[in-house]
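Scroll down for the structure; my scribbles are underneath it.
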Amino acid sequence: MNAELVRQHLIDPEICIRCNTCQETCPIDAIEHDARNYVVKFDVCDGCNECIPPCPTGAIDSWRKVTKSKPYTLAEQYAWDSLPAETEPDVGAPGDVPEEVVRITAEATAGTGGPLAPPWSAAHPYVNLYSLARPAVATVSGNYRLTAEDASSDIRHIVLDFGNSAFPVLEGQSIGVIPPGVDANGKPHHVRLYSVASPRNGERPGYNNLALTVKRVVEDHEGKAARGVCSNYLCDLRKGDQVKVVGPYGTSFLMPNHPGSSLMMICTGTGSAPMRAMTERRRRRMALKEGGELMLFFGARAPGELPYFGPLMKLPKDFIDINFAFSRVPGEPKRYVQDRIRERGEKVARMLADPNCYIYVCGLKGMEAGVNEAFADVCRAHGLDWSAVLAGLKAQARFHVETY
Ligand code: FAD
Ligand code: A2P
């Protein structure tokens with residue numbers, strides 16, 4: 001019998017939070033879902049692995065060895081509550097298959113692509129401690145508006161207390177919130193992700209709590225009126241309310257821990273949440289004089305729209321180099337973070353070349369292309385080739401992007 005073994009790409013239904021990221025990311029529409037599960041079409045998936053890094057839970061990085069002619073069908077995948085156990089597929093009686101005939105295909109053994117690597121000195125993150133079937137229940141201990149009263153956006157600092165439930169997080173990780181109620185089809189709302197805005201030892205040091213930076217969504221990406229399910233739920237919470245939380249998630253967008261390491265942080269709007277967590281971690285350790293630099297590029301419509309504007313302004317200038325980019329200040333030209341990156345080209349080029357500098361980009365999806373172009377321009381002006389620099393940054397786990 002001649003049976004070719006391959007690894008079949010699957011999604012672990014126990015860990016999957018049904019956030020749709022994989023389906024959105026897949027360039028060839030190999031992923032689909034029903035109300036119960038996300039599944040992978042065996043005959044379409046070409047193992048490009050583009051869906052692997054964006055998956056917040058790692059559920060997408062699931063593989064089973066199968067005979068090529070007998071993969072798990074979509075009907076089987078839709079019916080699963082958990083992945084089938086790893087078994088050796090039936091390849092015929094021992095001895096009747098020459099070793100060179102039964103082979104795992106090169107692409108199947110070439111690794112899964114896997115999640116991106118964290119900085120080498122990052123602390124070990126815990127992930128998937130709480131699932132949809134067993135969420136943590138947090139109590140709201142504060143909900144404060146961060147944007148000015150007359151600002152167009154309502155961005156809030158929401159503090160969640162986990163009481164006696166262990167919920168360890170690192171700066172850069174995110175958590176999932178389960179909004180109560182059901183969608184238009186009567187199905188429970190899917191989980192939404194929010195970056196942790198506090199350092200690892202808590203919003204209040206020593207307390208089992210963390211903060212989120214949540215923007216109330218009142219219009220869709222095209223500017224049409226839309227009431228965001230989870231952001232409105234969170235922004236309307238009151239002290240003492242209980243929230244179901246899953247996670248934590250994220251194994252690569254983490255900060256380096258070694259003395260002398262520097263951070264270049266580029267964000268817009270609520271993309272400031274992980275930057276606040278990292279900056280606050282460094283601020284609390286300032287007295288240790290561990291060295292390294294912090295450089296921040298922060299884009300918002302106007303100062304009043306910028307979360308954490310007041311606290312940021314109070315930070316010592318020799319602690320953090322802050323570069324704001326305001327796009328809608330009357331009488332001033334529109335500026336984006338990428339404009340500020342170009343203006344600070346000299347220092348940016350130096351930091352890109354510093355092996356101890358780690359770069360973080362978080363916020364609007366649309367900023368990614370602009371930030372890349374700005375880095376390319378800076379590199380060109382300093383005799384560097386951005387594509388080569390970027391490849392090096394990625395290989396050294398020094399370039400981390402989280403946009404939504
Ligand atoms: P939905 O009910 O899902 O959507 C309502 C409508 O608004 C839809 O048309 C939708 O397309 C559109 N829409 C969705 N999101 C936005 C948006 N951000 N701006 C404008 N229109 C939108 N959000 C935060 O506020 N703070 C965070 O720290 C944060 N961190 C995130 C981290 C990760 C890794 C990811 C993937 C997302 C993060 N988000 C964050 C976005 C968050 O998960 C939700 O997508 C967002 O709050 C909207 O959810 P909703 O239920 O209110 O809107
Ligand atoms: P704009 O005034 O053009 O919308 P928001 O308030 O919607 O969260 O946006 C935060 C900031 O990011 C705003 O200043 C917004 O400018 C800006 N922005 C919008 N698109 C991009 C982009 N492609 N690159 C960088 N910044 C952007």
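Remember, it's 1-based here, ligands and their atoms both numbered in the order they're listed. Every heavy atom of this structure was used, including side-chain atoms; hydrogens, water molecules and symmetry mates were not.
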>> Under 4.0 Å between a side-chain nitrogen and a carboxylate oxygen: does that hold for D81 and R36?
In response: yes
> With side chains defined as the heavy atoms from C-beta onward, is the minimum distance between C55 and C22 less than 4.5 Å?
Replying inline: no
>> Check whether N208 reaches the backbone of G163 with its side chain - one donor and one acceptor, N or O, closer than 3.5 Å.
In response: yes
> Is any N or O atom of L193, backbone or side chain, closer than 3.5 Å to an N or O atom of ligand 1?
Replying inline: yes
>> Any nitrogen or oxygen of Y194, side chain or backbone, less than 3.5 Å from one on ligand 1?
In response: yes
>> Using a 6.0 Å cut-off, check whether atom CZ of F42 has over 12 heavy atoms from anything other than its own residue.
In response: yes
>> Set out, in order, the CA-CA distance, both residues' side-chain angles and the distance that settles side chain to side chain contact (heavy atoms under 4.5 Å, CB included) for R344 and D321, then state yes or no.
In response: CA-CA 11 Å; R344 299 298 311 277; D321 178 351; 2.9 Å; yes
>> If the threshold is 4.0 Å, N to carboxylate O, is there a salt bridge linking R350 and E293?
In response: yes
>> Please tell me whether F326 and F324 form a close aromatic pair, meaning their ring centres lie under 6.0 Å apart.
In response: yes
> By ring-ring contact (aromatic ring centres under 6.0 Å, His included), which residues pair with Y38, not counting sequence neighbours?
Replying inline: H33
>> If I apply the N/O under 3.5 Å rule, does K215 come out as touching ligand 1?
In response: yes
> Looking only at heavy atoms, is any part of D220 under 4.0 Å from ligand 1, and if so is it the side chain, the backbone, or both, or is it neither?
Replying inline: both
> What protein heavy atom sits nearest atom 7 (O) of ligand 1, and how far off is it?
Replying inline: V217 CG1, 3.4 Å
>> With a heavy-atom distance limit of 4.0 Å, tell me whether E402 approaches ligand 1 through its side chain, its backbone, both, or neither.
In response: side chain
>> Do the side chains of E203 and R276 get close enough for a salt bridge, i.e. N-O under 4.0 angstrom?
In response: yes
>> To check you understand the geometry: which heavy-atom pair defines the closest contact between V169 and R200, and what is its length?
In response: O-CB, 3.3 Å
>> As an exercise, state the distance from CD of Q77 to CG of L83, rounded to the nearest 0.5 Å.
In response: 9.0 Å
> atom 53 (O) of ligand 1: which protein heavy atom is closest, and how many Å away?
Replying inline: G228 CA, 3.2 Å
>> Quick test: of every protein heavy atom, which one is nearest to atom 10 (C) of ligand 1, and how far off is it to 0.1 Å?
In response: H221 CD2, 4.4 Å
>> Among all protein heavy atoms in this structure, tell me which lies nearest to atom 30 (N) of ligand 1, with the distance rounded to 0.1 Å.
In response: S195 N, 3.2 Å
Would you tabulate the polar-atom pairs, meaning N/O of ligand 2 against N/O of the protein, with distances under 3.5 Å, reported to 0.1 Å?
residue: ligand 2; atom: 2 (O); partner: S327; partner atom: OG; Å: 2.6
residue: ligand 2; atom: 2 (O); partner: R328; partner atom: NE; Å: 2.6
residue: ligand 2; atom: 2 (O); partner: R328; partner atom: NH2; Å: 3.4
residue: ligand 2; atom: 2 (O); partner: K334; partner atom: NZ; Å: 3.4
residue: ligand 2; atom: 3 (O); partner: K334; partner atom: NZ; Å: 2.8
residue: ligand 2; atom: 3 (O); partner: Y336; partner atom: OH; Å: 2.5
residue: ligand 2; atom: 4 (O); partner: R328; partner atom: NH2; Å: 2.8
residue: ligand 2; atom: 6 (O); partner: R301; partner atom: NE; Å: 2.9
residue: ligand 2; atom: 7 (O); partner: R301; partner atom: NH2; Å: 3.0
residue: ligand 2; atom: 8 (O); partner: K215; partner atom: NZ; Å: 3.4
residue: ligand 2; atom: 14 (O); partner: A300; partner atom: O; Å: 3.1
residue: ligand 2; atom: 14 (O); partner: R301; partner atom: N; Å: 3.4
residue: ligand 2; atom: 14 (O); partner: S327; partner atom: OG; Å: 2.6
residue: ligand 2; atom: 16 (O); partner: S327; partner atom: OG; Å: 3.0
residue: ligand 2; atom: 23 (N); partner: G366; partner atom: O; Å: 3.1
residue: ligand 2; atom: 24 (N); partner: Q338; partner atom: NE2; Å: 3.1

>> Measuring from atom 51 (O) of ligand 1, which candidate in C230, P179, C362 has the nearest non-hydrogen atom?
In response: C230
> For atom 1 (P) of ligand 1, what is the nearest protein heavy atom, given as residue, atom name and distance?
Replying inline: R192 NH2, 3.6 Å
>> One pair to check against side chain to side chain contact (heavy atoms under 4.5 Å, CB included): Y194 and S231. What are the steps and the verdict?
In response: CA-CA 10 Å; Y194 294 91; S231 59; 4.1 Å; yes
> Between T213 and ligand 1, which part of the residue brings a heavy atom under 4.0 Å of the ligand: side chain, backbone, both or neither?
Replying inline: backbone
>> Show the atoms of ligand 1 that are less than 4.0 angstrom away from any heavy atom in V229.
In response: 1 (P), 2 (O), 50 (P), 51 (O), 52 (O), 53 (O)
> To which protein heavy atom is atom 41 (C) of ligand 1 closest, and what is the distance rounded to 0.1 Å?
Replying inline: Y404 CD1, 3.5 Å
>> I need the nearest protein heavy-atom contact for atom 6 (C) of ligand 1: residue, atom name and distance, please.
In response: A226 CB, 4.0 Å
>> Pairs of nitrogen or oxygen atoms closer than 3.5 Å, one from V214 and one from ligand 1: do any exist?
In response: no
> Salt bridge or not for E280 and R284, using N-O below 4.0 Å?
Replying inline: yes
> Any heavy atom of E219 sitting closer than 4.0 Å to ligand 1?
Replying inline: yes
>> Looking only at protein heavy atoms, which one is nearest to atom 52 (O) of ligand 1, and what is the separation?
In response: S231 OG, 2.5 Å
>> What I'd like to find out is whether the side chain of I266 reaches to under 4.5 Å of the side chain of M264, using heavy atoms alone.
In response: yes
> Which of parallel (below 30°), tilted (30 to 60°) and perpendicular (above 60°) describes F399 and F375?
Replying inline: perpendicular
